[in-house]
There are 2 protein chains.
Amino acid sequence: MSQDIPVTGYAILGLLTFGDELTGYEIKQRADVTLRFYWVSPAMSQIYTELRRLSDRGLVVADVRRDGGREDGREVTTYAITDAGQEALRAWMDQTPAGFPVLKHPVLLRLLIGHVTETEQTRQMLHDYVAELDQALADLSAVRESLRGADEPGQPFRFPSLVADWGLDYFDAEKRHTRLALASLGETGPEGETATA
Amino acid sequence: MSQDIPVTGYAILGLLTFGDELTGYEIKQRADVTLRFYWVSPAMSQIYTELRRLSDRGLVVADVRRDGGREDGREVTTYAITDAGQEALRAWMDQTPAGFPVLKHPVLLRLLIGHVTETEQTRQMLHDYVAELDQALADLSAVRESLRGADEPGQPFRFPSLVADWGLDYFDAEKRHTRLALASLGETGPEGETATA
DNA sequence: ACAGCCATGTAACTCGTTACATGATTAC
DNA sequence: GTAATCATGTAACGAGTTACATGGCTGT
């Protein structure tokens, strides 16, 4: 029937299962704080394209409204998941294998061919990565905190909390690995210096 | 000059810095055992496309040869990185930021919306994931072992070893996280049973 | 003889991105 | 008044995939 929907489509559908009617713009914002860590943050244009597709298949309903009710006001379209959408999402979850994660890790890719450049350059890259990880950790921590109070079994944010904790641990592990790599490069680099951070 | 090369192009270029002349087919095999874990394993057609591009820009040289030297034999094309290729790769490493990793994690995506399906279904997914992680760990361990003996500073496989160790640790951490999630689901699931594995 | 691997490529297509275009609303 | 944010879309394009097509070589 409707298995020709990209995963991102189901991801958007999933965002709509948390109870609210959302505009495309709001979906983008939600994606930026959640999906972005373990899937992608789709471009606005992609979101509108996907909403169009979901709407065509009856998996979401669009609700066009005049902002503020005025005749000349701005048109705002909110989307809600339909029963058919719930079923399609459920069928996807239950009947298609999740698949193995794909990691596009430019830091590891460059580390792999570290012999092509100076050790100092590689160290710099790793330091930069740590800084970006700190930022990601801060962002994700904030999200995780915002779920407190509704993260127990039976409560709405149980699963998002589980995922956020997993993500936090993952970023921590990345920091550890980066530091280990830095240590390995620092101890035995061409120059006699040790790691600086 | 030549910054219109996709990352996968540089990745292929990188594979050619380890000393051998490789055919497109062999590049695919190398990618399947190394790149696949932290970048992607490009399709054959993508590899040939990329080799064509690199060749057009003079970053690799193609060496067309008759297999076995016979006039009617099969044509085999091997590729080697050129000096210009080394420079381009180095320039890319030194002058463009690596960028933050992108993780496409269907297991986490589905766990996030776990409330859509039965807990048992989610548990099943996590169990399957553990099995796949075991496979990945076995594969990567084999690669890592094959690097032993040339993984010290100054030796050719120092950086690949560093990356392999990082990867092994990462997969271990994923297993841990999966078990934690399973525990969390098992203890408090709707049915009174505990986790089965 | 035949299966399986080695080897190379083209064509069609999809996902997703960036750039462009438009305009209303809100906060300062 | 004007900058930032809210809101929606189109067009062009690029990276990468699957399907298709071809054919030689190797082991049994």
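Per chain, numbering begins at 1; letters A, B, ... match sequence-line order. Worth knowing before you read on, the calculation uses all heavy atoms, side chains too, and leaves out hydrogens, waters and symmetry mates.
Summarising the geometry, the separation between NZ on A:K28 and P on D:dT5 is reported as 15 Å, rounded to the nearest angstrom. What separates CD1 of B:I47 from P of C:dT8 is a distance of 11 Å, to the nearest Å. For the pair B:R30 CZ and C:dA7 P, the interatomic distance rounds to 12 Å; values are reported in whole Å.
Partners of A:R176 under the salt bridge (charged side-chain N to carboxylate O under 4.0 Å, His left out) rule, at least two apart in sequence or in another chain, do not exist in this structure. Listed by chain and number, the residues in a salt bridge (charged side-chain N to carboxylate O under 4.0 Å, His left out) with B:D20 are B:R30 (sequence neighbours excluded). Scored by the side chain to side chain contact (heavy atoms under 4.5 Å, CB included) test, B:E50 finds B:P6, B:I12, B:Q46, B:R53 as partners (sequence neighbours excluded). Under the salt bridge (charged side-chain N to carboxylate O under 4.0 Å, His left out) criterion, B:D63 pairs with B:R65, not counting sequence neighbours. Take B:K28 and apply the salt bridge (charged side-chain N to carboxylate O under 4.0 Å, His left out) test, not counting sequence neighbours, and it matches B:D32.
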Between the protein and nucleotides 20-23 of chain D, are there any N/O to N/O pairs under 3.5 Å, and if so, what are the atom names and distances?
none

I'd like a table of atom pairs between the protein and nucleotides 14-17 of chain D - only N or O on both sides, under 3.5 Å - with the distance next to each one.
unit_1 : atom_1 : unit_2 : atom_2 : d
D:dG16 : OP1    : B:T8   : OG1    : 3.0
D:dG16 : OP2    : B:T8   : OG1    : 3.3
D:dG16 : OP2    : B:Q46  : NE2    : 2.8
D:dT17 : OP2    : B:A43  : N      : 2.8

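Every pair tested for ring-ring contact (aromatic ring centres under 6.0 Å, His included) that includes a residue from residues 38-65 of chain B fails, sequence neighbours excluded, so the list is empty. For residues 78-88 of chain A, there are no salt bridge (Lys or Arg N to Asp or Glu O under 4.0 Å) pairs, not counting sequence neighbours. Residue pairs that meet the salt bridge (Lys or Arg N to Asp or Glu O under 4.0 Å) test with at least one member in residues 91-101 of chain A, sequence neighbours left out, are A:R90-A:D94. Applying the salt bridge (Lys or Arg N to Asp or Glu O under 4.0 Å) test to every pair with at least one member in residues 7-19 of chain B, sequence neighbours left out, gives no pairs at all.
Contact between the side-chain N/O atoms of B:Y25 and the OP1/OP2 oxygens of C:dC6 is found at a separation under 4.0 Å. A sub-4.0 Å separation between OP1 or OP2 of D:dA7 and a side-chain N or O of A:Q29 is absent.
Within the helix from C:dA1-D:dT28 to C:dC28-D:dG1, the inter-axis angle between the opening and closing five-pair segments is 30°, rounded to 10°.
In this structure the side chain of A:R158 never reaches within 4.5 angstrom of the side chain of A:E152, judged on heavy atoms.
In summary, the side chains of A:E174 and A:H105 do present a donor paired with an acceptor at a separation below 3.5 Å, with no hydrogens or angles considered.
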